[in-house]
Amino acid sequence: MDSVVYGPVPSWRLGRSLGIDLLSTKGKTCSFDCLYCQLGRTTHPLAERREFVPLARLTADLDRIPPMEADYATFSGVGEPTLASNLGPAMETARRILGWPVAVLTNSSLMPDEGVRQELALADVVVAKLDAPSEDVFQMINRPTTPYPLHEVVEGIRLFRSHYRGKLALQMMFIKENKGCVAQMARLATELSPDEVQINTPLRECAVDPLPPEDIAVIKDGFKGLGVVVTVYEARRPRIAPVNAKETLRRRPKERS
Ligand code: SF4
């Protein structure tokens, strides 16, 4: 059986990051089917949470990793990590065994769920996706399976922000479909008051073209006054070889956006 732990991988957002895939399904299990997903189409669309990986298996896999250093243990992988109903206890397990800060990359689809917000609040860093300022753009880009309309997702992020004491980053992926929405997206970001805005465009191989650096620079200008705003083109990717790749750790060729 493959390990649920992979990497460490270099991340433009999180430095050196040991990945944990709490879904570990064959093929992508996600509540979105984003146009730009580098993992291809969503093979297992899902809207409700359930347990995929028992804590005992996660504990065994974490206990097996060789000594190494990393900046974060990051719950991400091939799909949406908040779909795992044991995400909260899994974060506590990872923190206890590894002693590192814990990050979660979420597509925000389940932010309207209070239980999900409570579990996410256990993380040191939450990177929350928000690609659309309106329902039609949301449906066009993210193609959600979840029943929540965009305004409920945004309200969920707002509620999360109001209680969360860790670092909240909003990640906004820009492609040609939402390139004209910069002013509305910047207004949303202002309302949500994240610690950081991460402006992204899909640089890894996928079904849509990335925006060029000059377009991303113009988009960043639209977020002036918002505090920390970083773009994928500015971020320096650390050149880190995986530690003991021959050991039990898997190296994923791709990780979600
Ligand atoms: S980009 Fe992320 S949220 Fe979107 S379909 Fe892929 S895994 Fe799911």
Side-chain angles (χ1 to χ4, degrees), residues 4 6-7 9 11-14 17 19-50 52-53 74-85 87 103-113 116-117 119-120 123 125-133 135-150 152-154 156-157 160 168-179 181 185 197-211 232 250 252-257:
V4 304
Y6 60 95
V9 292
S11 160
W12 72 277
R13 297 164 287 200
L14 297 166
S17 163
I20 299 173
D21 184 352
L22 207 49
L23 305 179
S24 291
T25 50
K26 267 209 169 104
K28 184 186 21 158
T29 299
C30 198
S31 44
F32 281 180
D33 187 15
C34 302
L35 280 181
Y36 56 75
C37 187
Q38 65 205 2
L39 303 171
R41 296 301 303 261
T42 299
T43 12
H44 309 296
L46 197 65
E48 281 165 15
R49 309 183 79 200
R50 66 176 177 82
F52 296 85
V53 173
T74 303
F75 286 80
S76 176
V78 187
E80 169 51 32
T82 62
L83 286 170
S85 56
L87 177 63
V104 181
L105 309 187
T106 177
N107 64 15
S108 311
S109 61
L110 294 175
M111 278 287 191
D113 181 326
V116 170
R117 292 198 301 273
E119 290 188 29
L120 283 175
V125 175
V126 171
V127 180
K129 181 189 292 299
L130 188 62
D131 297 336
E135 189 62 33
D136 56 333
V137 178
F138 179 49
Q139 293 294 334
M140 177 172 51
I141 293 182
N142 300 120
R143 300 187 289 199
T145 307
T146 35
Y148 304 115
L150 180 71
E152 289 186 24
V153 172
V154 170
I157 299 174
F160 180 69
L168 173 66
L170 268 190
Q171 193 200 141
M172 298 180 161
M173 184 73 88
F174 281 94
I175 54 178
K176 82 172 160 38
E177 281 76 4
N178 60 352
K179 184 181 155 180
C181 303
M185 295 292 280
V197 176
Q198 301 172 347
I199 295 175
N200 205 353
T201 195
L203 296 183
R204 292 180 187 162
E205 195 179 327
C206 69
V208 302
D209 292 328
L211 298 180
V232 67
R250 287 178 296 150
R252 294 282 174 95
K254 290 178 173 180
E255 197 185 18
R256 48 168 288 171
S257 299

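As the structure lists them, so they are numbered: ligands from 1, and atoms in each ligand from 1. Keep in mind that the numbers below use all heavy atoms, side chains included, and drop hydrogens, waters and symmetry copies.
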Counting the benzene-type ring for Trp, do Tyr36 and Phe174 have ring centres under 6.0 Å apart?
no
Can you tell me if Ser108 uses its side chain to pair, donor with acceptor, with the backbone of Lys129 under 3.5 Å?
yes
Considering residues at least two apart in sequence or located in another chain, which fulfil the ring-ring contact (aromatic ring centres under 6.0 Å, His included) criterion with Phe52?
none
Here the atoms of ligand 1 under 4.0 Å from any heavy atom belonging to Lys129 are 3 (S)
One finds that the ligand 1 atoms under 4.0 Å from a non-hydrogen atom of Lys28 are 5 (S), 6 (Fe), 7 (S)
Within less than 2.8 Å of atom 4 (Fe) of ligand 1, any N, O or S from Cys30?
no
Does Cys37 bring an N, O or S atom to under 2.8 Å of atom 6 (Fe) of ligand 1?
yes
Is the side chain of Gln171 donor-acceptor paired with the backbone N or O of Val127 at a distance under 3.5 Å, no angle test?
no
